[in-house]
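The structure under discussion appears below in the form of structure tokens.
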Amino acid sequence: MAKFTVDERRVWLGGKIVPVNEANINVLSPTSQFGLNVFEGIRCYWSDKKQNLYAFRLNDHLKRLKRSQKLMQLEDKYTIKDLEAALFNTIIANEYREDISVRQTIFVDGFGSWASHGTINMFISPIPKAKSNSEYNKNGLNCCVSSWQRINDNSISPRIKCGANYINSRMAQIEALNNGYDTTIFLNNRGTVAEGPGSCIFIVRDNVLITPLITDSVLESITRDTIIVIAKELGLAVQERSIDRTELYLCDEAFLCGSAMEITPIFSIDKYLINNGEKGPITDKIHKEYLRVVTGDSQEYSKWLTPIYS
Ligand SMILES: Cc1ncc(COP(=O)(O)O)c(C=O)c1O
């Protein structure tokens, strides 16, 4: 159980670890006014066996954070070592011994505008997060194809994980909920499948696992990459290629994936049933292996786990 109650949680802000209610930022800052920030959502899984907490693919998350920062031309204030040390210290200050999710956000503070490169600041906020699809609190999802188009590399790139990109996600998610769906799948500006509002998508056709190209208006997702690696290792055929909308309706299985939602089966898309509205066998196989990998039960992938407590 968490040591601190919700309003006593420790947050890293500007080099200090403080109770969350004391972690305040300037209302006139560019992050507050224009969403000028880049961030990561990093999962850490508790191992009862090893009595330690393990961050999953931490270095890959921090490298993506630096890429987002570079594309946004934010001042380069923190090294990977700084980012890692601050994350460790914040988790340890909260004494978490359970599965958690860590938000690490670099943002533009001060009194600048949307074109400012600084003043750079950062906050880190770890919160408890139980395994599996608590995101939508469902075993599987009824999805629609969004009438909103995914942002693209020539508008605001989905490759950048910045707060402002989630306004596109918001529009699509609210539309889906208003129309009675759990979530939605975006098409890109070329009309092929992109991703979910906070996740990537895989489909299965004739035993082949297929996911859109990284250039099809998707985030360079760490879970997507993890699934490609473990599926190949499981002997599955994997294709990265553009997916047509009608392939969504015809596929044998489909699932959304991401650090937050892990792997969540799709039961229907625009009311077309996928695998009769049940989790498919390939999805199940990958899901089980994914949970083994992130929780440290697979020796082979221990390189992806960073222990938090020494
Ligand atoms: C738009 C979008 N796509 C994909 C993902 C999955 O990315 P990752 O697997 O790195 O968490 C996320 C989650 O962060 C996301 O917000």
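Predicted model only: the values in this text are computed from it and were never measured. Whatever order the structure lists ligands and atoms in, that order sets their numbers, starting from 1.
Between the side chain of Arg43 and the backbone N or O of Phe56 there is no donor-acceptor pair closer than 3.5 Å. Checked by atom type and distance alone, the side chain of Thr223 pairs as donor or acceptor with a backbone atom of Ser259 at under 3.5 Å. Within the 3.5 Å criterion, the main-chain N or O of Ile160 finds a donor-acceptor partner in the side chain of Asn165. Between the side chain of Asp216 and the backbone N or O of Leu213 there is at least one donor-acceptor pair closer than 3.5 Å.
The atoms of ligand 1 that sit less than 4.0 Å from any heavy atom of Cys200 are 4 (C). Residue-ligand proximity, Lys161 to ligand 1, at heavy-atom distances under 4.0 Å covers atoms 13 (C), 14 (O), 16 (O). The distance from ligand 1 to the heavy atoms of Arg150 drops below 4.0 Å at these ligand atoms: 1 (C). Interface of Ser199 with ligand 1, defined as ligand atoms under 4.0 Å from a residue heavy atom, comprises 2 (C), 3 (N), 4 (C), 5 (C), 12 (C), 15 (C).
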Using ring-ring contact (aromatic ring centres under 6.0 Å, His included), reason through Phe255 and Phe202 one step at a time and then give a plain yes or no.
CA-CA 5 Å; Phe255 60 86; Phe202 282 81; 5.2 Å; yes
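Of the polar atoms of Tyr166, at least one N or O is found under 3.5 Å from an N or O of ligand 1, judged by distance alone. Considering backbone and side-chain atoms alike, Arg64 places an N or O below 3.5 Å from some N or O of ligand 1. Looking at ligand 1, you'll find an N or O of Glu195 within less than 3.5 Å of one of its N or O atoms.
Ile185 and Ile151 are assigned to two separate hydrophobic clusters, defined by single-linkage of ILVMFWY side chains at heavy-atom distances under 4.5 Å.
Looking only at protein heavy atoms, the nearest one to atom 9 (O) of ligand 1 is Thr223 OG1, 2.5 Å. Looking only at protein heavy atoms, the nearest one to atom 6 (C) of ligand 1 is Ser221 OG, 3.6 Å. Nearest to atom 13 (C) of ligand 1 among the protein's heavy atoms is Gly198 O, 3.4 Å. With hydrogens left out, the protein atom closest to atom 11 (O) of ligand 1 is Ser259 OG, 2.7 Å, a heavy atom.
The part of Pro197 lying near ligand 1 is the backbone, judged by heavy-atom distances below 4.0 Å. Neither the backbone nor the side chain of Ala260 comes within contact range of ligand 1; no heavy atom lies under 4.0 Å. The proximity of Glu220 to ligand 1, defined as any non-hydrogen pair under 4.0 Å, does not occur for either the backbone or the side chain.
Ion pair Asp284/Lys279 flagged as a salt bridge, since at least one NZ, NE, NH1 or NH2 atom sits closer than 4.0 Å to an Asp/Glu carboxylate oxygen.
Note that Arg10 lies in the cation-pi zone of Phe4, set by a 6.0 Å cut-off to the ring centre and a 45° limit from the axis. A cation-pi arrangement is not found for Arg97 relative to Trp46, the charged atom failing to lie both closer than 6.0 Å to the ring centre and inside a 45° cone about the ring normal.
The closest approach between a heavy atom of Glu40 and any atom of ligand 1 is not below 4.0 Å.
Note on ring orientation: taking the six-membered ring where Trp is involved, the planes of Tyr166 and Phe39 are tilted (angle from 30° to 60°).
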